[in-house]
2 protein chains.
Amino acid sequence: MPNRTGKAPGGRGAVETRLLSAATRLFAEHGFERTSVQEIVDAAGVTKGALYHYFGSKDDLLHEVYARVLRIQQERLDAFADADAPVARRLRDAAADVVVTTIDHFDDTTIFFRSLHQLGEEQRREVRAARRRYHERFRALIEEGQATGEFSDAVPADLVVDYHFGSVHHLGSWYRPDGRLTPREIADHLADLLLRALRP
Amino acid sequence: MPNRTGKAPGGRGAVETRLLSAATRLFAEHGFERTSVQEIVDAAGVTKGALYHYFGSKDDLLHEVYARVLRIQQERLDAFADADAPVARRLRDAAADVVVTTIDHFDDTTIFFRSLHQLGEEQRREVRAARRRYHERFRALIEEGQATGEFSDAVPADLVVDYHFGSVHHLGSWYRPDGRLTPREIADHLADLLLRALRP
DNA sequence: CAGACCCTACCGACTGGTTAGTATGCGGAC
DNA sequence: GTCCGCATACTAACCAGTCGGTAGGGTCTG
C-alpha cells in the first residue's frame with residue numbers, strides 16, 4: 001500500500017513522481033522493452049528497492065502512464081462534448097483539443113500509441129474498453145450532426161472517428177517541437193480537415 | 001553474401017522465405033522485442049544455424065520486412081500517380097490503393113508502423129528517407145490539384161498527407177478481417193474523406 | 001522525559017532464467 | 001574431395017524481480 005506522505009497531501013511522493021516521469025521519458029525515447037529497470041532508477045536517482053516499493057512491476061509503470069493519459073483525455077472530451085454550443089462547434093473544439101493535448105503530453109501519448117501490445121492481457125482489455133468509451137463519445141457527436149443534416153452521412157461515423165484519430169495517433173511519427181507550425185495551428189488545421197470532410 | 005539456390009532462379013530460397021514469413025507473422029503478433037530468435041526458427045522448422053546463415057542479425061530480419069513493404073508501396077504509388085487521368089482521379093485511386101495494399105500486407109505494415117524505433121540508427125534513416133520520397137510523391141499530387149484550383153488550399157498539402165497516412169497507419173489498431181466492411185469499402189470511404197476534405 | 005519499539009522508505013547485492021549470437025561439425029550434391 | 005546448407009551445443013551478457021538490511025522519524029509506555 002504505497003505511501004502518502006504528509007508533504008504532498010493530494011498527490012504522489014517526490015520519489016514516486018520522479019520514477020514515473022523518468023520511465024515515461026525513457027519509454028518514449030527507447031521503447032518499453034529496450035528500457036531496463038536499472039536505467040529508470042538511475043535516471044530517477046534512486047535504486048531498484050525504491051521502484052519496487054512503489055510499483056508492483058515494470059508493466060505496472062507502463063500501465064500508470066496509460067491510466068494518466070486516458071483520464072486526462074476523457075475528462076477534456078467530456079467537457080467539450082457537454083458544452084452548450086452547436087454540434088459543429090463542439091466537434092471542432094473537441095477535435096482540435098485532442099490534438100493539442102496529445103502534443104502537450106507527447107511522451108505519454110507516444111508511448112500510448114506505440115506500446116499497447118506490451119501490456120498484459122487484462123490491462124490491455126481495460127485500456128481498450130476505456131478507449132472505446134472515448135471513441136463512442138466522439139462518434140456520438142458526429143452522429144448527432146449527421147442526424148440533423150449538418151454533416152454528410154456518406155461515410156459511416158465510426159470510420160470518420162478512426163480517420164481523425166488516425167491522424168492524432170500519427171502525430172508521434174512526424175510532429176517535432178521545432179517544426180514550422182505551432183501545436184495550435186496544427187490542431188486547427190486537422191480539425192478543419194475533419195469538418196471539411198463532413199460537409200454535406 | 002546470402003545464397004541464391006538453383007531452385008528459385010529469381011527470388012529467395014525456400015528456407016529463407018520461410019524464415020522471413022515466420023518472423024513477419026511473429027513480429028506482428030507479439031512485437032519485435034518479445035519474439036525470440038528461437039521462436040522464429042522453430043516456427044520456420046529450422047535452427048539458428050539456418051537463420052544466421054541467411055541473415056546477419058535479428059535486426060536484419062526486421063529491416064528486410066521494411067524494405068519489402070516500402071518497395072511494394074512505392075511501386076504502386078508511382079503507377080497510380082503516373083496514370084493518364086485527372087488529378088482528382090489519380091489522387092483518389094492512389095489514396096484508396098494504399099489502404100487496400102496496407103490491409104493486404106497487414107502483418108508487414110503493422111510491424112512497419114509499430115517497430116520503426118527498434119531499427120538501428122542507420123537503417124532508420126534509410127527507411128525515413130524512403131518514406132519521405134513516398135510522401136513527397138503523394139504531396140505533389142495534392143499540390144497539383146491545389147494549383148489548378150480543383151482542391152482547396154486552406155490546409156497545407158503536407159499536413160493533408162499526414163492526415164491521410166495517419167488513418168492508414170492507424171488501420172493496424174482497429175481493422176479486423178471479420179469486420180463489417182470489406183477492405184475495398186474501407187479504402188473507398190477513406191479516399192472519399194480525403195477528397196471531400198479537399199473540396200474548395 | 002527516556003528508552004523501547006516499530007514502521008516507512010529505501011538500499012544494493014544477488015539469482016534464476018532468458019537471449020542473441022558463435023564455433024564447430026556433418027551430410028550430400030557436384 | 002570440397003564446399004554449400006544447415007544442425008547442435010555452447011557462451012557471455014543481461015535483466016526483472018527478490019530479499020535481507022538499515023536509517024531515522026514517530027509513538028507508546030513507564
Side-chain angles (χ1 to χ4, degrees), chain A residues 1-9 11-24 26-27 29-65 111 115 117-121 123, chain B residues 1-9 11-24 26-27 29-65 111 115 117-121 123:
Chain A
M1 205 172 299
N3 80 332
R4 205 97 337 179
T5 81
K7 294 292 175 68
R12 295 170 189 275
V15 170
E16 203 176 348
T17 303
R18 282 218 310 280
L19 278 166
L20 205 50
S21 67
T24 302
L26 290 168
F27 288 166
E29 206 166 321
H30 308 117
F32 177 74
E33 303 280 353
R34 300 190 92 121
T35 304
S36 72
V37 169
Q38 193 59 52
E39 286 172 327
I40 297 170
V41 298
D42 286 351
V46 294
T47 64
K48 284 195 186 185
L51 194 153
Y52 284 96
H53 179 71
Y54 291 109
F55 301 94
S57 65
K58 187 186 172 188
D59 287 54
D60 217 38
L61 264 135
L62 184 58
H63 185 241
E64 286 294 316
V65 176
I111 297 167
S115 310
H117 62 292
Q118 318 277 18
L119 250 45
E121 195 52 50
Q123 295 187 331
Chain B
M1 203 174 297
N3 79 331
R4 206 97 333 176
T5 80
K7 293 293 177 64
R12 294 168 188 276
V15 170
E16 203 176 349
T17 302
R18 283 217 311 279
L19 278 167
L20 204 52
S21 68
T24 302
L26 290 168
F27 289 166
E29 205 166 322
H30 308 116
F32 177 75
E33 302 281 352
R34 299 188 90 120
T35 303
S36 71
V37 169
Q38 193 59 50
E39 286 172 328
I40 297 170
V41 297
D42 285 352
V46 294
T47 65
K48 286 194 187 185
L51 193 153
Y52 283 96
H53 179 72
Y54 290 110
F55 301 95
S57 66
K58 189 185 170 188
D59 287 54
D60 216 39
L61 269 153
L62 184 59
H63 185 242
E64 285 294 316
V65 175
I111 297 167
S115 310
H117 63 291
Q118 317 277 19
L119 250 45
E121 194 53 49
Q123 294 187 331

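Because only heavy atoms are used, hydrogens play no part in the values below, and waters and symmetry mates are left out as well, while side chains stay in. Because the structure is predicted, anything quoted here is derived from the model rather than measured. Chain A is the first sequence line, chain B the second, and so forth, proteins listed ahead of strands; every chain is numbered from 1.
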Check: Could you give the NE2-to-P distance, from His53(B) to dC3(D), as a whole number of Å?
Finding: 15 Å
Show me the side-chain donor-acceptor pairs of residues 36-47 of chain B shorter than 3.5 Å, one per line, residues at least two apart or across chains.
{"from": "Ser36(B)", "atom 1": "OG", "to": "Glu39(B)", "atom 2": "N", "distance (Å)": "3.2"}
{"from": "Gln38(B)", "atom 1": "NE2", "to": "Asp42(B)", "atom 2": "OD1", "distance (Å)": "3.2"}
{"from": "Glu39(B)", "atom 1": "OE1", "to": "Ser36(B)", "atom 2": "N", "distance (Å)": "3.0"}

Checklist line | Non-neighbouring partners of Glu64(A) that pass side-chain contact (heavy atoms from CB on, under 4.5 Å), sequence neighbours left out | finding: Arg12(A), Leu20(A), Phe55(A)
Item checked: Strand contacts (DNA chain D) in residues 33-40 of chain B, 4.0 angstrom heavy-atom criterion -> none
Next item on the list: Between protein and nucleotides 25-30 of chain C, map the contacts as a letter string: B base, S sugar-phosphate only, - none, heavy atoms under 4.0 Å, written 5' to 3'.
Entry: ------
Next item on the list: Report the distance from atom CD of Gln118(A) to atom C1' of dA16(D), rounded to the nearest whole Å.
Entry: 15 Å
Next item on the list: Measure the shortest side-chain to side-chain distance between Leu61(A) and Val65(A) over non-hydrogen atoms and say whether it is less than 4.5 angstrom.
Entry: no
Next item on the list: Using atom CG of Asp60(B) as one end and atom C1' of dT22(C) as the other, report the distance to the nearest whole Å.
Entry: 16 Å
Check: For DNA chain C, which residues in residues 41-51 of chain A have a heavy atom at a distance below 4.0 Å?
Finding: Val46(A), Thr47(A), Gly49(A), Ala50(A)
Margin query: My understanding is that only residues two or more places apart in sequence, or in another chain, count here; which of them pass side-chain contact (heavy atoms from CB on, under 4.5 Å) with His30(A)?
Written below: Leu26(A), Arg34(A), Thr35(A)
Listed pairs, N/O of protein and of nucleotides 21-25 of chain D, under 3.5 Å:
none

Note to self: For residues 50-62 of chain B, which residue pairs pass the salt bridge (Lys or Arg N to Asp or Glu O under 4.0 Å) check, not counting sequence neighbours?
What the structure shows: none
